[in-house]
Number of protein chains: 2
Amino acid sequence: MVRTMTDTNTAARVRKPRGEYAKTGAKREAILDAALEVFAESGYRAGSLREVAQRVGMSEAGLLHHFRSKSALLQAVLDRRDDLSRALVDFDLPDGVASLRGLVTLAEHNASIPGVIELYCTLSAEATSPDHPAHAYFVQRYEFVRTSIGGAFERIAASGRMSSDLDPHRVAVTTIALMDGLQVQWLLDRDSTDMAAALAEFFRAFVDGFDDVDEAGDTDADGGEEPILGGLS
Amino acid sequence: MVRTMTDTNTAARVRKPRGEYAKTGAKREAILDAALEVFAESGYRAGSLREVAQRVGMSEAGLLHHFRSKSALLQAVLDRRDDLSRALVDFDLPDGVASLRGLVTLAEHNASIPGVIELYCTLSAEATSPDHPAHAYFVQRYEFVRTSIGGAFERIAASGRMSSDLDPHRVAVTTIALMDGLQVQWLLDRDSTDMAAALAEFFRAFVDGFDDVDEAGDTDADGGEEPILGGLS
DNA sequence: GTCTATACATCGATAGAC
DNA sequence: GTCTATCGATGTATAGAC
């Protein structure tokens, strides 16, 4: 399970009585939406509370009543994305190849929400600096994702569907790097790359039978939607 | 040839008389060094002229005597990196595989100059925003690099050393994405990845005989150093 | 060519009225 | 819960003395 920056805050928030929470919660959500936009467009350091407050139709003081500081607001934005992700991600599928196909689906999905891509793309680069308020968050996040995708490749290797010359963990690092790097190019020029196609081409070269249709593993027969892995970056 | 943002300025600078240029040129170089550091650590928007001036032991006004604005300083920093790169890069080698090996060497070299990696990593994400002063620079830069690496892969494909299923241009996009993404992870955690090894593993999977020693193509017999491709990102 | 002084904008955050 | 008012810090850039 991913450790977040504000487990304490989140717990306290959830413990609040429902009626009071519902009303003020709507405002909170609106603020978080606006904050995500602003941080995505300008990054954390260059993004201003003023801009967030303006977009949500509030004064800065009113905004700071809900979030006591700018960095607390950032943490809340990231925590909420994690909540969404946690509800959608399932990396512990027995079939590692299915997890990889999920990543391609994710890349497709991501192209429809450029704001979120911008957020993670900008923030992860910014948070490279050790004194950035989200530095620890991103270090832990990447660690977790590396482990998850590494596990998928381990199962693929164990089933003999990948060259034994390849280290599953290193291929996981490569996969994540590829997804991140594609996003930079895509944000700079939407026509420069089809992120999902590039990712699929990559998997096809490393994994035997990546394109094979799976009629056997029909665990999704309940008609539910494919799980979409969100906010990986 | 790469088009830069300040061809005009560069031309004007070069035209200056040598004696005058030498003295003030030293100060310029010192400023550019400091500016690269600051922009690398904090990005363009959060990096301050104050910090640059302090590191170079000057007042802000003195600094602005050499560069009329903050964005002009950034352009000068990028232009200088391009000058260095242009002197080191040779992507028009007849042997495409040799160019790829050059990229691995570059990845090794880059690990020794984290400041430059930080600069491009932070700036390229920041410049994703259309109103960023370096936006056009990075769009053009990536276009150029895609074309260059795409050409190398085309020659490799033409010589039959790559699967004909792969589109050389798309593999070029993938290669660049991989290099960029590796840098993010590496900056967040230096132990998370060996950038050069990951890149080599990638090429090995796509290119036949990537590891083969080339005794035939001994064009480097003059004892000169391997050309190092600098500042690709 | 470099400095001091300063103008002017923007920002995060607090205090206190309502 | 939201506002106005305000503080203090920080930032870019200019004017003018030396």
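All chains are named by letter (A, B, ...) in the order of the sequence lines, taking the proteins before the strands, and each is independently numbered beginning at 1.
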Nearest whole angstrom, please: distance from the [atom2] of [N] to the [atom1] of [X].
X	N	atom1	atom2	result
Arg50(B)	dT6(C)	CZ	P	15 Å
Lys70(B)	dT10(D)	NZ	P	15 Å
Arg45(A)	dG11(D)	CZ	P	12 Å
Phe39(B)	dG11(D)	CZ	C1'	13 Å
Arg68(A)	dA13(C)	CZ	P	12 Å
Phe67(B)	dT12(D)	CZ	C1'	16 Å

Exercise. What residue pairs, at least two apart or across chains, pass ring-ring contact (aromatic ring centres under 6.0 Å, His included) with a residue in residues 174-203 of chain B?
Worked result: Phe202(B)-Phe206(B), Phe203(B)-Phe210(B)
For this session: Sorted by first residue and then second, give each ring-ring contact (aromatic ring centres under 6.0 Å, His included) pair with at least one member in residues 57-83 of chain A; sequence neighbours left out.
Result: none
For this session: For Tyr142(A) and Asp180(A), test the side chains for any donor-to-acceptor distance below 3.5 angstrom and give the result as yes or no.
Result: yes
Exercise. Heavy-atom contacts under 4.0 Å between residues 51-66 of chain A and DNA chain C, which residues?
Worked result: Glu60(A), Ala61(A), Leu64(A)
Quick one: salt bridge (Lys or Arg N to Asp or Glu O under 4.0 Å) partners of [X], sequence neighbours excluded?
X	value
Arg146(A)	none
Glu60(B)	Arg50(B)
Asp33(B)	Arg80(B)
Glu118(A)	none

Seminar exercise, completed: side chain to side chain donor-acceptor pair (under 3.5 Å) filter on Glu41(B), not counting sequence neighbours, yields Arg55(B)
Exercise. Between the two ends of the helix from dG1(C)-dC18(D) to dC18(C)-dG1(D), what is the bend in degrees, rounded to 10 degrees, where each end axis spans five pairs?
Worked result: 0°
